[in-house]
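Input: a single structure, listed below in structure tokens.
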Amino acid sequence: MDEVAAIFDTVTIIGAGLIGSSLARAIKRGGLSNNLVLCDQDKAVLQEAEALCLADNYIADVKLATEGSDLIIFAVPVGAIEAIGIVISPVLKPDAIISDVGSVKSKVLKALKPIVPDGVHLVPGHPVAGTEESGPAAGFASLFDDRWCILTPEPDADEAAVQKMEDFWRTIGSRVEIMDADHHDLVLAITSHVPHLIAYNIVGTASDLETVTRSEVIKYSAGGFRDFTRIAASDPTMWRDVFLNNKDAVLEMLGRFSEDLTALQRAIRWGDGDALFDLFSRTRNIRKRIIDAGQETPDADFGRSHEPGVDD
Ligand code: NAP
């Protein structure tokens, strides 16, 4: 990617994990900031980030890290954002932009709005990109390339600040969409949160079974189970916070999911092959549309080798 003029002078990223460190790499790759500051409560994580040369400055104290910064991005679990906001609020520079990468938007907006001082602009965001890994070593600069970043500013948010964040994410390589925070939470409940819950549940169920031994579950996992284990290996803190903070939308989508599951149970019980075949054909088509939209490659992945005979 060509180097461009810096959009922000000083950028502070709070949280140097998978997303924070990927963002740091992408900012460096694109030359988007003159001074990039990384902050993390975990000293070992900050040292690891420094060893990887991810930023210009590494500051553990969140107040010192944000003082004088033009853009502050929270890249910590959603449940940690409000407390950090309260601590940094008194040191924020006028005209600074506060943003985040949290997977839930409505609660973040509600938590930060009363804390952010007048003259500081709040533009929440969520890059819809990630992996099941955590920590600075797991990050990579191209994580956000061609992925969507959803920004959820309030309707009365400062237009120039929103535009700057759109420019920022586009320069990083993402596609940008502006969305209402509640709608974001509903969409992500079905595309991300419920699928993670299903994966956590099925892996939990399999590990609790008494009639099938755990070694059999591991041995025959290539039948589909292992694909769920990849998702179910995602960070427990992050996902705990997602479910605690997107409760209503997740419960609404789970209600729909349970109804459809009951219909499937009935189709199996009554031997309704047409109903099963119709559903499986529709779902196959969804996968094709995701590939056509450039959000996935046709190759099987999930850690599989593509060598003939090795794949299942
Ligand atoms: P991660 O790899 O676990 O990194 C989070 C980092 O933030 C950890 O080093 C953590 O330190 C640190 N941290 C936690 N509380 C802090 C605090 N109060 N002050 C400073 N640092 C603090 O997590 P991640 O996957 O990058 O996720 C970060 C955010 O991105 C979450 O809000 C998540 O919803 C969002 N997101 C994640 C994905 C994904 O696929 N992972 C995708 C899109 C968006 P400790 O380990 O000491 O807690």
Side-chain angles (χ1 to χ4, degrees), residues 12-26 37-50 52 54-55 58-66 69 72-89 98-109 111-112 115 124-145 147-152 169 172 174 181 184-185 187-189 191-193 195-197 199-200 230-246 249-250 295:
T12 300
I13 301 174
I14 304 170
L18 170 76
I19 301 295
S21 75
S22 295
L23 197 51
R25 288 172 170 97
V37 180
L38 264 179
C39 169
D40 201 288
Q41 67 178 8
D42 186 332
K43 291 235 166 75
V45 163
L46 216 47
Q47 276 167 6
E48 200 180 342
E50 188 164 8
L52 292 163
L54 299 182
Y58 307 85
I59 304 174
D61 184 293
V62 80
K63 261 188 175 174
L64 289 178
T66 42
S69 200
I72 296 105
I73 301 184
F74 296 97
V76 295
V78 171
I81 293 178
E82 183 175 11
I84 302 172
I86 292 169
V87 173
I88 65 170
S89 170
I98 297 284
S99 192
D100 73 308
V101 294
S103 308
V104 177
K105 296 274 58 84
S106 199
K107 277 279 180 78
V108 169
L109 193 62
L112 289 180
I115 298 166
H126 175 207
V128 187
T131 76
E132 67 282 13
E133 308 283 343
S134 302
F140 50 100
S142 60
L143 178 64
F144 311 106
D145 291 357
R147 298 284 166 257
W148 286 96
C149 179
I150 302 173
L151 299 178
T152 63
W169 278 104
I172 283 206
S174 297
H184 164 280
D185 291 353
V187 172
L188 269 293
T191 58
S192 170
H193 306 169
H196 274 79
L197 201 68
Y200 282 125
R230 182 188 67 83
I231 297 178
S234 300
D235 188 68
T237 307
M238 172 194 152
W239 283 98
R240 177 203 62 198
D241 284 7
V242 166
F243 292 113
L244 293 180
N245 288 280
N246 199 21
V250 167
Q295 296 300 299

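Both backbone and side-chain heavy atoms feed into the values below; hydrogens, waters and symmetry mates do not. For the single chain, residues carry numbers from 1 onward in sequence order. All ligand and atom numbering here is 1-based and tracks the order in the structure.
With sequence neighbours excluded, the residues forming a side-chain contact (heavy atoms from CB on, under 4.5 Å) with Leu18 are Ser22, Thr131, Ala138, listed by chain and number. For Ala83, there are no side-chain contact (heavy atoms from CB on, under 4.5 Å) partners at least two apart in sequence or on another chain.
The backbone N or O of Asp241 sits less than 3.5 Å from a side-chain atom of Asn245, completing a donor-acceptor pair.
Ring geometry for His126 versus His184: interplanar angle over 60°, hence perpendicular rather than tilted (30 to 60°).
Given atom 40 (O) of ligand 1, the protein heavy atom at minimum distance is Gly130 CA, 3.2 Å.
Ligand 1 has at least one atom lying under 4.0 Å from a heavy atom of Ala129. Between Cys39 and ligand 1 there is no heavy-atom distance shorter than 4.0 Å. Contact between Val62 and ligand 1 is absent, with no heavy atom of the residue lying under 4.0 Å from the ligand.
Of the heavy atoms in Glu132, none comes closer than 4.0 Å to ligand 1. At a 4.0 Å heavy-atom cut-off, ligand 1 touches Met238 through the side chain alone.
Looking at Val101, Asp42, Ile84 and measuring to atom 44 (C) of ligand 1, the nearest heavy atom belongs to Val101. Nearest to atom 22 (C) of ligand 1 by heavy atom, out of Leu23, Ile73, Leu38, Val76, is Val76.
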